[in-house]
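Structure record follows, encoded as structure tokens.
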Amino acid sequence: MNLSRSRNRRRGLAGLAAAAVLLGGLTAPPPAAAAEDGSASVLARHLRRALDQLQFEQVLDTNPPAGAAGLNALRKDNVDKEARKPPKKADLLAAVAAAEPIAQQPQIDLTVIELNRAGRPVSSGTVLMSPQYPDGKVVPVDGNLHTTDVRWRQWDDAGWYANRGQGTIDVVPGREKASIDFMSPYPASVLKLMVAFGVLRLVDQGKISLDDTYAYEPTTISSLCGPASSNTVRNYLDASLTWSSNAATCAMVKLLHDRGAVDGLNQTFQNLGLETLQLKNTNPANGARWGNPVTMSSLDTAKLLMLVNGGLGTLWTAPGGTGVTAAVLSDASRTFFKSKLGDQGMNVTLSTTNWCGAAYPAPGIPQLTPSRWIGADGTVAIPGQGIAYGRDVRPCNDRAEVTYAHKNGWVNNSGADAGIVKALPGKGGRTYVVAMFSNLGYQYVDSNRPPTGAENIWFTEKLAKLGKVIDDYERRRHP
């Protein structure tokens with residue numbers, strides 16, 4: 001019995017899961033039986049051990065469903081998830097005081113892909129945690145960073161409680177015989193990576209320009225998207241990617257619908273071998289309806305970010321036999337995309353530099369906080385989000401080790417972060433892509449969460465600790 005399961009039993013939580021690990025590698029995959037006996041890559045083993053040691057099962061649930069009525073409410077609450085705002089200060093304090101231990105092992109999907117100086121993958125590891133695999137499973141990922149050994153299921157808000165994290169709707173057809181069955185966490189605002197990719201493909205095809213003005217004129221108003229607006233495509237994408245504007249993203253989703261490009265975008269992901277990336281069921285009338293049919297796995301998201309990062313030659317071969325290169329986006333579009341991710345203002349998940357020097361939350365990836373958001377007093381403020389973090393980030397910038405071009409996302413039962421990490425000059429040679437999806441949104445909190453000063457903290461600090469463990473490991477591997 002592993003230590004995590006032993007801890008869970010002492011806490012009296014029946015049926016908690018250990019981790020399921022997908023082996024990432026660039027050579028021919030080992031037989032499944034060999035993968036079970038500990039032959040996983042060094043990186044994969046490290047990620048598995050890190051998740052186990054961080055004891056995610058210790059988080060508290062501030063809003064567990066109360067019987068059948070609560071589950072029925074969850075079943076209806078799967079459209080426009082992002083429209084729900086985090087609880088207000090007084091409500092949050094009351095919820096934390098009444099929080100209960102989480103019902104079962106949290107759902108986590110984590111990938112790290114290490115890159116060489118040419119932007120090519122050299123090693124990878126993908127780790128899955130869920131209530132379904134108390135002993136863990138290792139599944140080989142082939143030389144194209146692809147697997148058919150996972151039956152990916154769509155997220156189900158109620159099913160996570162009522163069905164022990166077991167999904168019922170397949171994301172990728174034809175995987176009924178896969179050895180692992182996993183319900184993918186809802187990606188939250190990380191879905192904006194797919195939207196930006198789709199819009200920039202239209203730019204590359206000459207169908208639109210970044211400097212075109214787009215008049216967003218919804219035929220129905222949604223609480224997620226807000227009223228009509230007008231701006232350049234460039235500015236909409238900037239707001240979507242740097243401070244996670246839902247309204248700007250809705251405009252770009254509607255633009256994709258106006259151009260008849262949503263189905264083509266989803267087919268492009270399939271053609272690239274990124275089958276789990278699906279921007280489905282959004283509303284062409286307003287760009288809203290961001291619900292559970294929108295799916296992303298960490299492995300495919302990390303591969304998408306490899307394309308954004310750029311690399312020499314064929315990065316992988318799609319299942320149809322086509323070689324995939326960074327030319328799927330033009331140099332100009334990739335540069336624009338990376339610059340916006342690099343200007344990320346919400347450094348609050350795997351990295352937590354917006355709270356530089358705070359006792360809580362713990363430090364994560366030691367990134368350089370973009371100067372764009374830093375005021376004269378050294379503190380970060382995000383006007384579009386109405387958030388001022390109140391901590392002087394200059395000391396953390398002085399000792400920063402990496403840049404982190406990323407996009408994160410959060411709703412009550414989703415906490416996600418995905419991006420490209422690169423060492424600063426003189427800080428080692430590491431470059432890697434990390435993508436993490438979980439059901440640990442702002443509904444779940446730490447028992448040591450302070451009563452004051454944590455109002456804008458929307459995740460367990462264990463996610464930041466995970467980011468730091470990953471980066472510490474990569475620094476040691478690439479001094």
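Worth knowing before you read on, the calculation uses all heavy atoms, side chains too, and leaves out hydrogens, waters and symmetry mates. In this text, all values refer to a predicted model and were calculated from it rather than measured experimentally.
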Open item on the list: Leu110 vs Val434, test: side-chain contact (heavy atoms from CB on, under 4.5 Å). Steps then yes/no.
Closed with: CA-CA 8 Å; Leu110 170 69; Val434 58; 4.1 Å; yes
Between [X] and [Y], is any side-chain donor less than 3.5 angstrom from a side-chain acceptor?
{"X": "Gln270", "Y": "Asn266", "answer": "no"}
{"X": "Lys407", "Y": "Ser244", "answer": "yes"}
{"X": "Thr232", "Y": "Asp211", "answer": "no"}
{"X": "Gln58", "Y": "Asp446", "answer": "no"}
{"X": "Tyr442", "Y": "Thr62", "answer": "no"}
{"X": "Thr369", "Y": "Asn347", "answer": "no"}

Main-chain N/O of [Y] paired with [X] side-chain donor or acceptor, under 3.5 Å:
{"X": "Thr249", "Y": "Ser245", "result": "yes"}
{"X": "Asp300", "Y": "Glu275", "result": "yes"}
{"X": "Asp417", "Y": "Met436", "result": "no"}
{"X": "Asn413", "Y": "Gly441", "result": "no"}
{"X": "Thr147", "Y": "Asp149", "result": "yes"}
{"X": "Ser333", "Y": "Ser330", "result": "no"}
{"X": "Thr352", "Y": "Gly364", "result": "yes"}
{"X": "Thr213", "Y": "Asn231", "result": "no"}
{"X": "Arg48", "Y": "Leu128", "result": "no"}
{"X": "Gln278", "Y": "Val294", "result": "no"}

TODO: Please collect all salt bridge (charged side-chain N to carboxylate O under 4.0 Å, His left out) contacts where either partner lies in residues 365-389, sequence neighbours excluded, each pair once.
DONE: Asp238-Arg372, Asp343-Arg372
Task: All pairs passing salt bridge (charged side-chain N to carboxylate O under 4.0 Å, His left out) where residues 425-436 contributes a residue, at least two apart - done: Glu401-Arg430, Arg430-Asp471
Task: For Arg259, all residues meeting salt bridge (charged side-chain N to carboxylate O under 4.0 Å, His left out), sequence neighbours excluded - done: none
Task: Under the salt bridge (charged side-chain N to carboxylate O under 4.0 Å, His left out) test, residues paired with Lys338 that sit two or more places apart - done: none
What's the shortest heavy-atom distance between [X] and [Y], and which atoms?
{"X": "Phe459", "Y": "Leu440", "answer": "CD2-O, 3.6 Å"}
{"X": "Gly428", "Y": "Ala423", "answer": "O-CB, 3.2 Å"}
{"X": "Ser189", "Y": "Asn246", "answer": "OG-OD1, 4.0 Å"}
{"X": "Leu256", "Y": "Val195", "answer": "CD1-O, 4.1 Å"}
{"X": "Pro370", "Y": "Gln367", "answer": "CD-NE2, 4.1 Å"}
{"X": "Lys465", "Y": "Leu54", "answer": "CB-CD2, 3.7 Å"}

TODO: Please tell me if the side chains of Thr111 and Val127 come closer than 4.5 Å, counting only heavy atoms from C-beta onward.
DONE: no
Task: Salt bridge Asp331-Arg334, side-chain N to carboxylate O under 4.0 Å - done: yes
Open item on the list: What verdict does the side chain to side chain donor-acceptor pair (under 3.5 Å) test give for Thr379 and Asp392, after you've listed the backbone C-alpha separation in whole Å, the side-chain angles of each residue and the deciding distance to 0.1 Å?
Closed with: CA-CA 5 Å; Thr379 66; Asp392 188 344; over 6 Å; no
Task: Listed once per pair and sorted, the ring pair (Phe, Tyr, Trp, His ring centres under 6.0 Å) pairs that draw on residues 337-362, sequence neighbours left out - done: Trp355-Tyr389
Task: side chain to side chain donor-acceptor pair (under 3.5 Å) partners of residues 310-324, not counting sequence neighbours, each pair once - done: none
- [ ] Dump the intermediate steps for side chain to side chain donor-acceptor pair (under 3.5 Å) on Asn456 and Gln385, then the final yes or no.
- [x] CA-CA 11 Å; Asn456 293 321; Gln385 292 281 0; over 6 Å; no
[X] [atom1] to [Y] [atom2] distance, which is reported to the nearest 0.5 Å:
{"X": "Leu274", "Y": "Lys303", "atom1": "CG", "atom2": "NZ", "answer": "5.5 Å"}
{"X": "Met252", "Y": "Leu255", "atom1": "CE", "atom2": "CG", "answer": "5.0 Å"}
{"X": "Phe437", "Y": "Ser297", "atom1": "CZ", "atom2": "OG", "answer": "7.5 Å"}
{"X": "Leu341", "Y": "Leu193", "atom1": "CG", "atom2": "CG", "answer": "6.0 Å"}
{"X": "Thr353", "Y": "Arg399", "atom1": "OG1", "atom2": "CZ", "answer": "10.5 Å"}
{"X": "Cys250", "Y": "Leu224", "atom1": "SG", "atom2": "CG", "answer": "4.0 Å"}

Task: Residues forming a ring-ring contact (aromatic ring centres under 6.0 Å, His included) with Phe197, sequence neighbours excluded - done: Phe269
Open item on the list: Test of understanding: with ring-ring contact (aromatic ring centres under 6.0 Å, His included), list the residues that count as partners of His146, not counting sequence neighbours.
Closed with: none
Open item on the list: Students often mix this up, so state it plainly: with edges at 30° and 60°, are the rings of Tyr444 and Trp160 parallel, tilted or perpendicular?
Closed with: perpendicular
Open item on the list: Classify the ring geometry of His406 against Tyr404: parallel below 30°, tilted from 30° to 60°, perpendicular beyond 60°.
Closed with: parallel
Task: Sequence neighbours excluded - disulfide (SG to SG under 2.5 Å) pairs with any residue from residues 336-444 - done: Cys356-Cys396
Open item on the list: Under the disulfide (SG to SG under 2.5 Å) definition, can you give me all pairs with a residue in residues 398-444, not counting sequence neighbours?
Closed with: none
TODO: Check the pair Asn309, Lys422 against side chain to side chain donor-acceptor pair (under 3.5 Å), reporting the backbone distance first and the verdict last.
DONE: CA-CA 10 Å; Asn309 180 62; Lys422 293 188 177 184; 3.0 Å; yes
Open item on the list: Applying salt bridge (charged side-chain N to carboxylate O under 4.0 Å, His left out) to Asp472 and Arg475, what does each step give before you reach the verdict?
Closed with: CA-CA 5 Å; Asp472 284 349; Arg475 184 183 66 245; 3.0 Å; yes
- [ ] With sequence neighbours excluded, tell me which residues meet side chain to side chain donor-acceptor pair (under 3.5 Å) with Asn116.
- [x] none
Task: Partner residues of Asp61 under the side chain to side chain donor-acceptor pair (under 3.5 Å) criterion, sequence neighbours left out - done: Tyr161, Gln443
Open item on the list: Counting neighbours of CZ on Arg117 that are heavy atoms of other residues, nucleotides or ligands and sit closer than 6.0 Å, is the number greater than 12?
Closed with: no
Open item on the list: Pair Glu114, Arg477 - check salt bridge (charged side-chain N to carboxylate O under 4.0 Å, His left out), show working.
Closed with: CA-CA 10 Å; Glu114 297 174 338; Arg477 277 170 68 87; 2.8 Å; yes
